[in-house]
Amino acid sequence: MYRFKKILYNTIFILMVTLVLAVIIVPIYWMVNTSLKNPREVIDPIPSFFPRTPTLANYRSVLGSGLWKNFSNSVIVAVSATLTSIVLAFLASYALARYRFPLHINRLFLIWVLVVRILPPIVLAVPLFTLFNGIGLINTLAGLIISFQIYTLPYSIWIIYGFLKTLPKEYEEAARIDGASPMRVLVSIVAPLVRSGIIATSIFALILAWNEFLFALLFVRSPRLLTLPVVISRYIGEYTTQWGELMAIGLFASLPILIFSNVVYKKQTEGFSMSLK
Amino acid sequence: MRNRERAVYSSFFYIVFAPALLIILLLTTYPMVTILYDSFFRYSFVVNTRTFVGLGNYIHIVGEELFQRSLINTLVFTLVASFSEVVLGVALAFLLKRQFLGKRVASLIVIFPMIISTMVICAVWQIFYHYEIGLFNHVLTTLGMQRVGWLTDQRVALASIILVDLWQWTPFAFLIIQAGMGSIPSEIFEAAQIDGARSGQIAVKVTLPILRNQILLVLMLRTLDTFRLFDKVYALTGGGPANATQTLSFFIYREGFKFFNFGRASAASVITLVGVAFLALFYVRRLLGEEE
């Protein structure tokens, strides 16, 4: 009787896990599946689970249509936004962790950084658009790199500050007594000690910037400057029948970040970050 | 000499702190002050003149049916999506609690949805939801049921968007709650088992109360994130059908970037910010209240 119950439980368990995994995998599989179908099969009212005549035509036409340009825009913007955030956040967090500014600036700034995290970004968009328009940053990649700081900078400051706060001061003090300048201490002593934390923070910031949609949509108009998420949204809106091509672009936009899933899993279960978004 | 050295030391910290401070002030504080100011003016980007109207923008917006619909839709989406994600996340954490072969791989797959771009996700779900060629309607017709206008029927459209959000963000709730479970010492479970508690009782009376703060944290983060719903509406429905999926963020977007009524967009932004502040205060109180 006991054994029967155990087998029953195990069967239910396996069924449930399989169901959960299926729910997650089917949409991702459907991208691959659709991207390999020819245009006629895609609009067949009876959707097929395997492409009947697999073709790479969608990939060829997408790559031939200048998608590389958009792909490289995404890379440039995401990498630059991340580097900017990490450098600025590292410097600022160090100052916040090691120096007491007057007027409670330390605490006020850290609270403000958390407040920014909960703002709906659209409320900032109108004034920023006017501001950026006035200084020639609309319709440039630089404008995107700066506006993405709204997401990546507060996030990086909060995490890197957490790391620096727990770091013992002894090494830094020893180096200072030996006559090293503050900048020297920062670069040669502190930076190596928090390296792994900084790498993990960079990966999270990179994913945020890679997927950003709102400012990428509002601040850039020329097709050759668009990032991948906006290209995808245009496909959804305008070329509604090009499902195969759309899915091919979707895969191009997803693969570079899926390789980080291992890091995301490990760090997030450590309670490392509050949220990706 | 000593004083000079200290001055150099202090100025170093001011110099390294300044860039981040300036960027944050420029990108967040300046716009927030600006929307508060602009919200009292009739101000269109096209003609670029400001006319003071006092609370006029606020009074007009609040009286409009479209704005009321946006507010209600946002609240419905926020409540339903964030609560469901927490419930599903807890369920998933309980399901994947025990050790089994392939647990690591399963956990990795589970977090895929939260790292993929929202636009990519919308693209796939757009195909699923398609009236003629979509997978969902194919399953329904195979089962002998009527097709559903997932994104075109005004009774269903908002629920369809909620479903996409559940798919994308339940993994996030799962991760945080799983982390909380991992930090519970196993002695607690053993003690409960020795006392003769059944596993269902342990879950409800032991595990869930310990996870209270994790659950509240996830609920807070998801509430604040769902409250800003924009991307999915933009990609899947454009606010339709018949405004059934209009949200506050989408309302601001249309006022600001379609009609260039910056004054009205600013007023709607201020109202949205007040809503966010209420949500945040509510949760912060609950989270801090526990510690006292």
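Note on naming: letters A, B, ... go to the chains in the order of the sequence lines (proteins, then strands), and numbering restarts at 1 for each one. Every value quoted in this text rests on a predicted model; they were computed, and no experiment measured them.
- Between the side chain of B/Arg228 and the backbone N or O of A/Ile122 there is no donor-acceptor pair closer than 3.5 Å.
- Although no hydrogens or angles enter the test, the distance criterion places no donor-acceptor pair under 3.5 Å between the side chain of B/Trp125 and the main chain of A/Pro27.
- Most heavy-atom pairs under 4.5 Å with chain B, from the set A/Leu258, A/Ile24, A/Ile257, A/Asp44: that is A/Ile24.
- Contact annotation for A/Trp112: only side-chain heavy atoms (C-beta onward) come within less than 4.5 Å of a heavy atom of chain B.
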Let me see the working for B/Thr28 and A/Gln149 under side-chain contact (heavy atoms from CB on, under 4.5 Å), right down to the final yes or no. CA-CA 10 Å; B/Thr28 65; A/Gln149 300 305 314; over 6 Å; no
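- At a 4.5 Å heavy-atom cutoff, B/Tyr37 makes no contact with chain A through either its backbone or its side chain.
- Between A/Pro154 and B/Ile24 the shortest side-chain heavy-atom distance falls below 4.5 Å.
- Looking at heavy atoms from C-beta onward, B/Met119 lies out of side-chain contact with A/Tyr235 at the 4.5 angstrom threshold.
- Contact annotation for B/Tyr14: both backbone and side-chain heavy atoms come within less than 4.5 Å of a heavy atom of chain A.
- Between chain A and the residues B/Ile111, B/Val270, B/Leu248, B/Thr272, the most heavy-atom pairs under 4.5 angstrom are made by B/Ile111.
- Contacts from residues 249-256 of chain A to chain B, taken as heavy-atom pairs separated by less than 4.5 Å, involve A/Gly250, A/Ala253, A/Ser254 in sequence order.
- Contacts between residues 253-261 of chain B and chain A, defined by a heavy-atom separation under 4.5 Å, are made by B/Tyr253, B/Gly256, B/Phe257.
- Comparing A/Leu96, A/Val87, A/Val115, A/Leu228 by heavy-atom pairs within less than 4.5 Å of chain B, the highest count is held by A/Leu96.
- Checking side-chain atoms of A/Asn211 against main-chain N and O of B/Ile115 turns up a donor-acceptor pair under 3.5 Å.
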Steps toward side-chain contact (heavy atoms from CB on, under 4.5 Å) verdict (A/Ile236, B/Cys122): CA-CA 8 Å; A/Ile236 298 177; B/Cys122 287; 4.2 Å; yes
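- For the pair A/Glu212 and B/Asp231, the minimum side-chain heavy-atom distance is 4.5 Å or more.
- Atom-to-atom distance recorded for A/Leu91:CG and B/Leu21:CG is 13.0 Å, nearest 0.5 angstrom.
- Within the 4.5 Å cutoff, the side chain of A/Leu21 has heavy atoms near those of the B/Val110 side chain.
- A/Val23 touches chain B through backbone and side chain together, each having a heavy atom under 4.5 Å away.
- A/Phe49 has its side chain within reach of B/Leu135: a pair of non-hydrogen atoms, C-beta onward, lies under 4.5 Å apart.
- At a threshold of 4.5 Å between non-hydrogen side-chain atoms, the residues A/Phe13 and B/Leu95 count as touching.
- Residue pairs meeting the salt bridge (Lys or Arg N to Asp or Glu O under 4.0 Å) criterion with at least one member in residues 114-123 of chain B: none, sequence neighbours excluded.
- Proximity of B/Gln126 to A/Leu246: side-chain heavy atoms (C-beta onward) are nowhere separated by under 4.5 Å.
- Contacts of B/Ser10 with chain A are made by both backbone and side-chain atoms, with heavy-atom separations under 4.5 Å.
- Heavy-atom distances place the side chain of A/Val20, and not its backbone, under 4.5 Å from chain B.
- Counting non-hydrogen atoms of other residues, nucleotides and ligands closer than 6.0 Å to CG of B/Leu101 gives a total of 12 or fewer.
- Between B/Ala20 and A/Ala92, the shortest heavy-atom distance links the atoms CB-CB, 3.5 Å.
- Heavy-atom distances place the side chain of A/Leu186, and not its backbone, under 4.5 Å from chain B.
- The residue among A/Leu217, A/Val230, A/Ile150 with the most heavy atom pairs within less than 4.5 Å of chain B is A/Leu217.
- Ranked by heavy-atom pairs under 4.5 Å with chain A, the list B/Asp38, B/Thr29, B/Asn137, B/Val218 is led by B/Thr29.
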May I have the step-by-step check of side-chain contact (heavy atoms from CB on, under 4.5 Å) for B/Leu92 and A/Met16, ending in yes or no? CA-CA 10 Å; B/Leu92 202 54; A/Met16 301 261 282; over 6 Å; no
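- Taking 4.5 Å as the limit, every side-chain heavy atom of B/Thr34 sits out of range of all side-chain heavy atoms of A/Leu131.
- One finds the CG atom of A/Leu214 at 5.5 Å from the CZ atom of B/Phe230 (value rounded to the nearest 0.5 Å).
- Atom OH in B/Tyr9 sits 8.5 Å away from atom CZ in A/Arg98 (nearest 0.5 Å).
- Taking CD1 of B/Ile133 as the reference point, atom OG1 of A/Thr34 lies at 8.5 Å (rounded to 0.5 Å).
- Of the listed residues (B/Ile15, B/Ile127, B/Leu108, B/Ile116), the greatest number of heavy-atom pairs within a distance under 4.5 Å of chain A belongs to B/Ile127.
- Counting heavy-atom pairs under 4.5 Å between each of B/Ser107, B/Pro113, B/Gly102 and chain A puts B/Ser107 at the top.
- Contact annotation for A/Phe90: neither backbone nor side-chain heavy atoms come within less than 4.5 Å of a heavy atom of chain B.
- For chain B, no part of A/Ile14 is nearby; none of its heavy atoms comes within less than 4.5 Å.
- Annotation for B/Arg147: atom CZ counts as buried by contact number, over 12 foreign heavy atoms lying within 6.0 Å.
- For A/Ile232, the part lying near chain B is the side chain, with the backbone staying farther off; criterion is any non-hydrogen pair under 4.5 Å.
- Contact tally against chain A (heavy-atom pairs below 4.5 Å) for B/Ile35, B/Leu26, B/Val120, B/Leu27: the top residue is B/Leu27.
- Of the residues considered (B/Pro19, B/Ala123, B/Ala268), B/Ala123 shows the highest number of contacts with chain A, using heavy-atom pairs under 4.5 Å.
- In this structure, chain B has no heavy atom under 4.5 Å from any part of A/Phe215.
- Within the structure, salt bridge (Lys or Arg N to Asp or Glu O under 4.0 Å) pairs that include any residue of residues 93-112 of chain B do not occur (at least two apart or interchain).
- A distance of 12.0 Å separates OG of B/Ser117 from CD1 of A/Ile207, quoted to the nearest 0.5 Å.
- Between the CD1 atom in A/Ile28 and the CZ atom in B/Phe112 there is a gap of 6.0 Å [rounded to 0.5 Å].
- Between chain B and the residues A/Ala125, A/Pro120, A/Ala89, the largest count of heavy-atom pairs under 4.5 Å involves A/Pro120.
- A ring-centre distance under 6.0 Å is not found for B/Phe17 and A/Tyr99.
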